[in-house]
Structures are given as C-alpha cells and as structure tokens.
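What follows is a set of notes on a single structure, which appears directly below.
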Amino acid sequence: MKKILNATSNVKYKAILMLMYSGELRDGETTKLKPEDIDSNRNLIHIRALKGKKDRYTLLPDITLQTLREYWKKEKPQKWLFPSWNKEKYIIARSIQKIFQNTCKKAGIKKEVSVHSLRHGFATHILETGIDLRYIQDLLGYKSSKTTEIYTYVSKKSFYNKEST
C-alpha cells in the first residue's frame, strides 16, 4: 500500500485510494460519497444504502482524514466528495479503476490486482491484528459470516507462505 500511495502526488487520487483501503470501500461506494458522509469528529464514514440496500458505518483513520483534509482544502468539493470533471456528477467507478491501475503501474507492482484488492487487503490486515471476524463483517457490510470467513483462509495462507520462506 505504501508503494501505491507513494506513486501518486495527486491528492485527489491519494485520498480516493486511502479511503478505499482504510475504509474497506467498494468502488461504487466511493463514487457516491458526499462530503456530509465524512464524520471527522467520530472518525467514521457513512456508507448509504448501496449494495444490499443497507446503510453502514466504517472506519476513518486519522492518517486518511489528514489526506482528506488536504484534498478538501485544495478542491473544496460541494455535492460529491469526489466529483467528475462535471462537478454536478460523481466520479465513475471506471475512473477509479483506471486511477488504481495507473498508480500500480507507476509503483512497479507486477502482481495482478484490482481496485477491490484494497478492500480485501485491509480486511486481511485487520484480521491479522486480532480484530474479531464479526466486527470485520459489519465493517465490510456483509450479511453472511461465510463471506467474511474467506479472510481467515487468506490470512492463514499468507502466514504459512511466510513460514516456508
């Protein structure tokens, strides 16, 4: 993640990628964020009734909030947190995917990854720090614990791969 963030000097792109990673956001959730969805007092992001038609809150770490504030000072978004070139419309998911792909290429990342890898990466990282699987399920907005359990497999797999090196 550090390589990706260091590969862009564009504060809007950095804010998008940091928010997606640390907030475990889908690209479609990120596109439709509004400035009022950021609760800087409680360090939360309000995700409104998108996939699954259920609102949820997720984390907003201080470092991501700092980057969002930097972006805010520069761009002063109004209707959408991340507007397209037409300020009345939000950035589209395909644009975010292109930002991610171009940044990964610039960072020299050879592994095949998608923008969704940010969401999975953070979920795996917090699981490895001992965060309860049920809490991760709520953060990600999954209905079924079965969906969340894939991270235990990914986490164990990466652990065993480290053991063998």
Side-chain angles (χ1 to χ4, degrees), residues 1-33 38 43 45 47 50-52 56 58-72 74-75 77 80-85 89-133 135-142 144-165:
M1 192 59 205
K2 285 180 185 179
K3 284 175 84 173
I4 292 170
L5 294 177
N6 289 335
T8 183
S9 58
N10 183 309
V11 71
K12 179 178 181 178
Y13 296 172
K14 190 174 282 197
I16 289 170
L17 297 175
M18 286 182 80
L19 201 60
M20 289 185 73
Y21 174 75
S22 64
E24 310 89 31
L25 302 178
R26 298 172 179 98
D27 51 8
E29 293 169 338
T30 307
T31 62
K32 295 181 182 98
L33 283 174
I38 304 300
N43 285 69
I45 306 163
I47 310 301
L50 295 171
K51 191 172 182 180
R56 67 183 169 96
T58 190
L59 306 172
L60 177 61
D62 287 332
I63 192 161
T64 304
L65 181 56
Q66 281 180 290
T67 303
L68 276 175
R69 285 183 170 145
E70 186 182 330
Y71 162 68
W72 181 270
K74 186 176 180 195
E75 300 291 331
W80 302 103
L81 186 58
F82 301 113
S84 72
W85 60 270
K89 296 183 179 184
Y90 52 80
I91 191 170
I92 61 171
R94 185 67 190 126
S95 293
I96 290 176
Q97 293 161 7
K98 279 299 235 190
I99 290 166
F100 181 72
Q101 289 168 353
N102 291 339
T103 305
C104 286
K105 187 182 286 187
K106 191 174 174 184
I109 295 173
K110 306 262 188 265
K111 187 177 180 180
E112 191 164 326
V113 290
S114 72
V115 73
H116 207 69
S117 302
L118 296 172
R119 180 173 157 87
H120 290 295
F122 191 77
T124 302
H125 291 155
I126 63 174
L127 176 66
E128 289 172 347
T129 66
I131 301 293
D132 183 72
L133 201 59
Y135 182 67
I136 296 170
Q137 178 182 341
D138 287 343
L139 286 175
L140 295 170
Y142 290 142
S144 168
S145 61
K146 295 284 181 207
T147 311
T148 317
E149 287 170 9
I150 191 165
Y151 298 108
T152 60
Y153 170 75
V154 172
S155 181
K156 286 177 187 171
K157 183 178 175 189
S158 70
F159 174 76
Y160 291 123
N161 283 343
K162 287 178 187 172
E163 288 282 306
S164 63
T165 56

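What you see below is based on every heavy atom in this structure, not just the backbone, and it leaves out hydrogens, waters and symmetry mates.
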Who are the side-chain contact (heavy atoms from CB on, under 4.5 Å) partners of Thr103, not counting sequence neighbours?
Ile4, Ala7, Thr8, Leu17, Ile99
Taking C-beta and beyond as the side chain, do Leu59 and Ile45 meet within less than 4.5 Å on heavy atoms?
no
Rounded distance (nearest 0.5 Å) linking atom OH of Tyr90 with atom CD1 of Ile92:
9.5 Å
Inter-residue atom distance Tyr13.OH - Ser95.OG, 0.5 Å rounding
8.0 Å
Looking only at heavy atoms, what is the nearest atom pair of Trp80 and Lys89, with distance?
CD1-C, 3.5 Å
Rounded to the nearest 0.5 Å, what's the gap from CG on Asp62 to OG1 on Thr67? Could you check?
11.0 Å
For the atom pair CD (Gln101) and NZ (Lys106), what is the distance rounded to the nearest 0.5 Å?
15.5 Å
I'd like to know if Arg56 and Glu29 make a salt bridge, using a cut-off of under 4.0 Å between side-chain N and carboxylate O.
yes
What distance do Met18 atom CE and Leu60 atom CG have between them, rounded to the nearest 0.5 Å?
9.5 Å
Which atom names give the shortest non-hydrogen contact between Ile96 and Met20, and what distance separates them?
CG2-SD, 3.6 Å
State which residues pass side-chain contact (heavy atoms from CB on, under 4.5 Å) with Phe82; sequence neighbours excluded, sorted by chain then number.
Lys12, Ala15, Ile16, Leu19, Thr30, Leu68, Tyr71, Ile91
What residues form a side-chain contact (heavy atoms from CB on, under 4.5 Å) with Gln97, not counting sequence neighbours?
Asp27, Ala93, Arg94, Val115
